[in-house]
2 protein chains.
Amino acid sequence: MTNGGRKKATIYDLSVLSGSSPSTVSAVLNGTWRKRRIKESTAELIRSLAETHQYTANRQARGLRSSRSGLVGLLLPVHDNRYFSSLAQTFEAHVRSKGQCPIVVSASRDPEEERRTAETLISYSIDELFICGATDPDGVHEVCEAAGLRHINIDLPGTKVPSVISDNFEGGRLLTEAIIRHFPAERPLEPDDLYLFGGRDDHATRERIRGFRAVKEELLGSDPDECIWPTGYAADNARRAFEAFYEQHGKLPRGFFVNSSINFEGLLRFMAEHPLENFTDLVVGCYDYDPFASFLPFPVIMIRQNIEGMIAKAFEVIEEPRASLQIHMIEPQLVPPRTALTGPLDALMDSEMPQE
Amino acid sequence: MTNGGRKKATIYDLSVLSGSSPSTVSAVLNGTWRKRRIKESTAELIRSLAETHQYTANRQARGLRSSRSGLVGLLLPVHDNRYFSSLAQTFEAHVRSKGQCPIVVSASRDPEEERRTAETLISYSIDELFICGATDPDGVHEVCEAAGLRHINIDLPGTKVPSVISDNFEGGRLLTEAIIRHFPAERPLEPDDLYLFGGRDDHATRERIRGFRAVKEELLGSDPDECIWPTGYAADNARRAFEAFYEQHGKLPRGFFVNSSINFEGLLRFMAEHPLENFTDLVVGCYDYDPFASFLPFPVIMIRQNIEGMIAKAFEVIEEPRASLQIHMIEPQLVPPRTALTGPLDALMDSEMPQE
DNA sequence: CTTTTTTGCACAATCGATGGTGCAATGACT
DNA sequence: AGTCATTGCACCATCGATTGTGCAAAAAAG
């Protein structure tokens, strides 16, 4: 270690070593030195000193002075789910490619927590905030607005700044239609055989339900209200809903529209406690994609939201100086059963060679 | 908005408004005011002003002064995977409960990227770093050491600071034994029917292989070298390995030990291109737990690493002033097929009530 | 009514980097 | 030789919060 082992070198250290002033050192190391007419040889000297002393700028100091931090925040409902973790992965790649540092935090779908978390991020002077799947996007907006922080909504729209979301109506339609058509013509699905479980009273769920009902009306001719069970996003709430249904009817519906992979986990929990034979005439549609779920022993039709598309669009829109207050819809994709799609990891993994 | 809409209030603003000095304001708002013998009524006044002006401390300024930031880092290989995203979720909860801000970043299992990422985090003066699944933990250690940053290894051990890892040998044994015993006595598994796929030359893989081989030797009497295929962690590498095997043998092995859920995705990719009938006499063991994988149409035995246990232990050890250079092993758990376990989300979701 | 103690707070340096401004030294030009 | 422009850099205030120190005013003690 060139360094004694402890404290990091500062521009003042390098200033002493190089015989230049701190401002010169600063200019050399942050790239503004040409503008300041620093001699090439001076710059060279300082750069080499920085190198040997492993200098890295203290970003808190820089951020304090410039009131920017190089941090870009992503506010998620939760981490532990393939949809949001893929979002995080993709977000990270985008932020890194701009030379900034991603900071991904979850707020449990709790409006209060969302605001507090945004406050915290703001106190670190983050440069931008991507608000994903927030229960109260406009609440978070106020916090950002008050701090003059650029932000954008993803996945669930707000009314104060632009949003980039999945086309949930169309996705709901696609998925519902695919479920219905998956049943053979000789044993067609009845209207009261197709239920929607999960989700809550948010924009995404409402739109999916709208698509669901439209297609049911269109293809099955009717659309009973009792086929909609919004159980919230917790897996265990969904499980209880399935249990309740099973108690009531002695069986499950033949067709399911499950509103998210988390709700789908509730179905697994139900299934773990009931014999497999009960699920031979079952088609599940899930609004989310998970590779393992796609291969379950009954037909699972999934919707994969276009994560790369949404993130890319969001970065595009957030850079626009005067973006119009608009909801950008990104088309999701229908995934037939037994399909293994590639994800954001596949872009990374090239570098990883088998050992030995 | 009490605030005009723009710049955040500072202690100087409050100092003017309250008629006290900035240092008094600071002391009141950071809790050290009793030590400084500030009058209760003064404190009260300042607190109420802070409230109405929505004051929040600028953490870059605080961090600069105190050379602490309140940020705690978690360095992951990747986000997009249930194991690591559960880790992130659990880590977040722990950090939050200490009143600090979690910052989770991934480094793609690339040693160079790992060091750079650690450097970046250090430049933000993070207070602690949890190094999870790093390809080169000791490389990251050097960076941390040079900056005087407390750190600890998780999941993959290093040699310079304490590590908290899964007991991979025991987990490997458990999983291998469960795979073997899952075959009925009348059609027992032959030694060359049980293969291990995935992983690379890291501590975890080596230990799992050691467990695998020990159990094979013990229960099946022999343990051919060609049954070990370390393909790296990329899904597509694993897929190619399965294809290659299939080419070569015209079938898959009857028993699989798959080294991670990411490798398991490679198996799915393989299966998507081959008829389902090929997989009737197949038992898969996977070193990772994923609820959907557990319900696949063939027996899937999984290992769930004790994430909560590992994180809790890591926080405990990292707080110890002079922790001994030790590898703490946390026992993983064998998960039989068709099991839906609860995860870190279940602790959160209570607050989420079904709507309507 | 002094002297001592306690109370309550203000002052000022500091953390590390940034960027506007000023000024000496050098070279160019008449 | 004298004027002017250019080069190359140093100086200093600043960002917002923290913290050691000092010192008046009030209270207690004598």
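Chain naming here is simple, since letters A, B, ... match the order of the sequence lines and numbering starts at 1 in each.
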| task | Before giving the answer on side chain to side chain donor-acceptor pair (under 3.5 Å), spell out for A/Ser106 and B/Glu92 the whole-Å C-alpha distance, their side-chain angles and the decisive distance to 0.1 Å. | result | CA-CA 8 Å; A/Ser106 76; B/Glu92 252 206 32; 2.7 Å; yes

| Closest nucleotide of DNA chain D for B/Ala61 versus for B/Arg36: which of these residues is on the 5' side? | B/Ala61

| request: Give the rounded distance in Å between these two atoms: CZ of A/Arg59 and P of C/dT18. | output: 10 Å

| request: Select base, sugar-phosphate, or nothing to describe what B/Arg37 touches, counting heavy atoms under 4.0 Å on all strands. | output: base

| field | Nucleotide nearest A/Lys39 when distance is taken to its side chain, options D/dA10, D/dC9, C/dA17 | value | D/dC9

| query | Nearest to the side chain of B/Ala57 - D/dC15, D/dA17, D/dT19? | reply | D/dA17

| query | If you measure from the Lys or Arg side-chain nitrogens to the Asp or Glu carboxylate oxygens, is any gap between A/Glu128 and A/Arg68 under 4.0 Å? | reply | no

| query | Which nucleotide in the list D/dC9, C/dT14, C/dT18 gets nearest to the side chain of A/Ile38? | reply | D/dC9

| task | Please check the phosphate of C/dC9 (OP1 and OP2 only) for any side-chain N or O of B/Thr42 closer than 4.0 Å. | result | yes

| query | Taking the side chain of B/Thr24 as heavy atoms from C-beta outward, which of D/dT19, C/dC9, D/dA17 is closest to it? | reply | C/dC9

| Geometric class of the A/Phe91/A/Phe130 ring pair [parallel <30°, tilted 30-60°, perpendicular >60°] | perpendicular

| query | Any salt bridge between A/Glu119 and A/Arg116, counting N to O under 4.0 Å? | reply | no

| request: Starting at atom NZ of B/Lys35, determine the distance to atom P of D/dT18, rounded to an integer number of angstrom. | output: 11 Å

| task | Look at the side chain of A/Tyr12 and decide which nucleotide, out of D/dC11, C/dA17, D/dG16, has an atom nearest to it. | result | C/dA17

| Any chance the side chains of B/Thr135 and B/Arg109 put a donor and an acceptor closer than 3.5 Å? | no

| said: Using whole Å, what does the distance between atom P of nucleotide D/dA10 and atom CH2 of A/Trp33 come to? | reply: 15 Å

| remark: Quick note, A/Ser21 side chain, CB onward, closest among D/dA10, C/dG16, D/dG16 is D/dA10

| Value in whole Å for how far the P atom of C/dC15 lies from NZ of A/Lys8 | 17 Å

| message | Base, sugar-phosphate or nothing for B/Thr32? Non-hydrogen atoms, less than 4.0 Å. | response | nothing

| message | Nearest whole Å is fine: how far is D/dC15 C1' from B/Arg62 CZ? | response | 16 Å

| query | Between A/Ile11 (CD1) and D/dA10 (P), how many Å, whole number? | reply | 12 Å

| request: Describe the nucleic acid contact of B/Ser67 in one word from base, sugar-phosphate, nothing, applying a heavy-atom distance below 4.0 Å. | output: nothing

| query | Hey, does B/Gly19 reach any base, or is it just sugar-phosphate, or nothing, if we go heavy atoms under 4.0 Å? | reply | sugar-phosphate

| Looking across every strand, which nucleic acid part, if any, lies under 4.0 Å from A/Ser26 by heavy atom: base, sugar-phosphate, or nothing? | base

| field | Whole-Å distance separating the CG atom of A/Leu14 from the P atom of D/dC9 | value | 16 Å

| Which one, C/dA12, D/dG16, C/dG16, comes nearest to the side chain of A/Arg65? | C/dG16

| task | Could you pick out which residue, B/Ser20 or A/Leu29, lies toward the 5' side of DNA chain C when each is mapped onto its nearest nucleotide? | result | B/Ser20

| field | Closest nucleotide among C/dC15, D/dA10, C/dA12 to the B/Ser23 side chain | value | C/dA12

| request: Could you tell me whether the phosphate oxygens of C/dA17, OP1 or OP2, come under 4.0 Å of any side-chain nitrogen or oxygen in A/Asn30? | output: no

| field | Whole angstrom value for the distance that separates C1' of D/dT14 from CG of B/Asn58 | value | 13 Å

| query | Would you say A/Glu320 has more than 12 foreign heavy atoms packed within less than 6.0 Å of its CD? | reply | yes

